Protein chains: 2
Amino acid sequence: MKHKDNHSSALAALKANVLKLTEMQEAEWEDFSSHWHYCSLEKGEYLIREGETERYFYYVISGVLRGYFLIDGEEICVGFTYDDDYSGSYDSFLSQRPSEWYLQAITDTRLLRISHSDLMHMFDQYKSVERWGRMFNAKILIGMSRRQLEVRSYTAEEKFERLMSQSPHIFQLVPQKYLASYLGMTPETLSRLRKKRK
Amino acid sequence: MKHKDNHSSALAALKANVLKLTEMQEAEWEDFSSHWHYCSLEKGEYLIREGETERYFYYVISGVLRGYFLIDGEEICVGFTYDDDYSGSYDSFLSQRPSEWYLQAITDTRLLRISHSDLMHMFDQYKSVERWGRMFNAKILIGMSRRQLEVRSYTAEEKFERLMSQSPHIFQLVPQKYLASYLGMTPETLSRLRKKRK
DNA sequence: CATTCAACTTGATATAGATCAAGTTCGCTT
DNA sequence: AAGCGAACTTGATCTATATCAAGTTGAATG
């Protein structure tokens, strides 16, 4: 029963994560967790494409995803998701309007997901889930504020140095060209900065 | 009773705004609204400064505010708030940690505000308020996603043109130097773009 | 293990927009 | 309405980073 084991250990991880933001009674958790289903993506597959409306909210068990939008044929990377984090085109999920960006697995990825209608139903039913939703949104929002400051305040070199010192592991997980885009520079510039640092 | 009139018409505006996001029973609204208090700022005064922790959540009745952060002595403008919108260093309010940015009134401003502890109490008490909180966070988050795309995808000239066509009124309300910073360019560059357009 | 294609590196050149330096205009204050 | 300072404009440079153009490496595949 490999699949079942996977699923229950994934749910345990999700549970720990959810309980960081809200208290929840055991019966509530039982019901809530029953709406999350296992799914997976192979390297290169898309979770969502521009123009599609996001019908699921995801929790990443393992793997790495990159989010990007496409402007005049150029891919602009907005972020990455790793294990023990949530994913999906969240603004599209919330507004239920077409996504403006893509989410692609850059390694094989295992996830749990809950559908929009199931989650809305959970919000209606349980105040604890409603609170989790509010707190989760708050957390994302705080992260986006930080990131906004980061993107706007620093030169290419400073952004590189800050990422280097704050998340060195990312340089192992993510190809340079995506990182360069994430940092708002060309791959050539990133390559030169790395050389300079050695 | 000028002040009282002010206050009750402001509350009516707030009520209409709140009801856009959630249903609320009349008794709930009565209680919720009793925690909002009137306050005002003169042009140039600060709603909050970097390092202070945001204790209030604001609703702007009239006036214009600008938000900015300060990096190496340079002010970087992140946004503006007008009437019928919410304000405050919202990430600081949510996390109850020191604000990383400033909020300054650029005209005389009238506001309503609710304290963090009162709002938390309201969240505990009413599911409808909890939902409003979640929906409100979602709305902010969606706006930030859009703005992120805007900031990262376009050249100075494109950003200028887009702002010109989407919010021409802003050019009347906000001094050029703040707008330039908001668009991520120097005042000189904005001036040249305006000239070019004529 | 040879081949191939994409990912990186490196160098030469181009350019958008910054910076520096005078003006000029506009809105307050007295 | 005169005078002042801040906000804008305009022009002349400067520079960080993009772009273009070859290489080189390296991982995946038959």
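Owing to the predicted nature of the structure, the values given are computational and were not obtained by experimental measurement. Just so we're on the same page: letters track the sequence lines, and every chain starts at 1.
- Among the atoms of the strands shown, only primed sugar atoms or phosphate atoms (P, OP1, OP2) are found under 4.0 Å from some heavy atom of A/Pro175.
- Atom NZ of B/Lys196 is separated from atom C1' of D/dG11 by 16 Å (rounded to the nearest Å).
- Separating the NZ atom of B/Lys195 from the C1' atom of C/dT24 is a distance of 13 Å, rounded to the nearest angstrom.
- Checked against a 6.0 Å centroid threshold, the rings of B/Phe32 and B/Trp132 count as neighbours.
- The CZ-C1' distance, from A/Arg66 to C/dA7, rounds to 13 Å in whole Å.
- Atom CZ of A/Phe160 and atom P of D/dA16 are 17 Å apart (whole Å).
- As rounded to whole Å, 12 Å separates atom P of D/dT17 from atom CG of A/Leu190.
- Side-chain contact between A/Gln104 and A/Glu45 is absent, with no heavy atoms from C-beta onward closer than 4.5 Å.
- Put simply, B/Leu11 and B/Phe57 are part of the same group of oily side chains (I, L, V, M, F, W, Y) that touch within less than 4.5 Å, one to the next.
- In this structure, B/Phe93 has its ring center no closer than 6.0 Å to that of B/Tyr56.
- Partner A/Arg192 forms a side chain to side chain contact (heavy atoms under 4.5 Å, CB included) with one of A/Arg194, A/Lys195, A/Glu188 and no other, that one being A/Glu188.
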Protein-nucleotides 12-17 of chain C N/O pairs closer than 3.5 Å?
from: C/dG17; atom 1: OP1; to: B/Ala156; atom 2: N; distance (Å): 3.0

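- Taking atom CG of B/Leu179 as the reference point, atom C1' of D/dA7 lies 13 Å away to the nearest angstrom.
- Remark: aromatic rings of B/Tyr86 and B/Phe136 are close, center separation under 6.0 Å.
- Here A/Lys159 does not reach the OP1 or OP2 of D/dT17: none of its side-chain N or O atoms lies under 4.0 Å away.
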Does B/Ser99 form a side-chain hydrogen bond (donor to acceptor under 3.5 Å, both in side chains) with B/Ser92? I'd like the steps, not just the answer. CA-CA 5 Å; B/Ser99 175; B/Ser92 167; 5.0 Å; no
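- Atom NZ of B/Lys177 is separated from atom P of C/dA18 by 17 Å (rounded to the nearest Å).
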Contact pattern, 5' to 3', of nucleotides 21-30 of chain D - B, S or - by protein heavy atom under 4.0 Å: ----------
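- Checked against the 6.0 Å centroid criterion, the rings of B/Tyr182 and B/Phe80 qualify as a close aromatic pair.
- Atom CD of A/Glu74 and atom P of D/dT17 are 16 Å apart (whole Å).
- Rounding to the nearest 0.5 Å gives a distance of 12.5 Å between CD of B/Glu50 and CG of B/Leu103.
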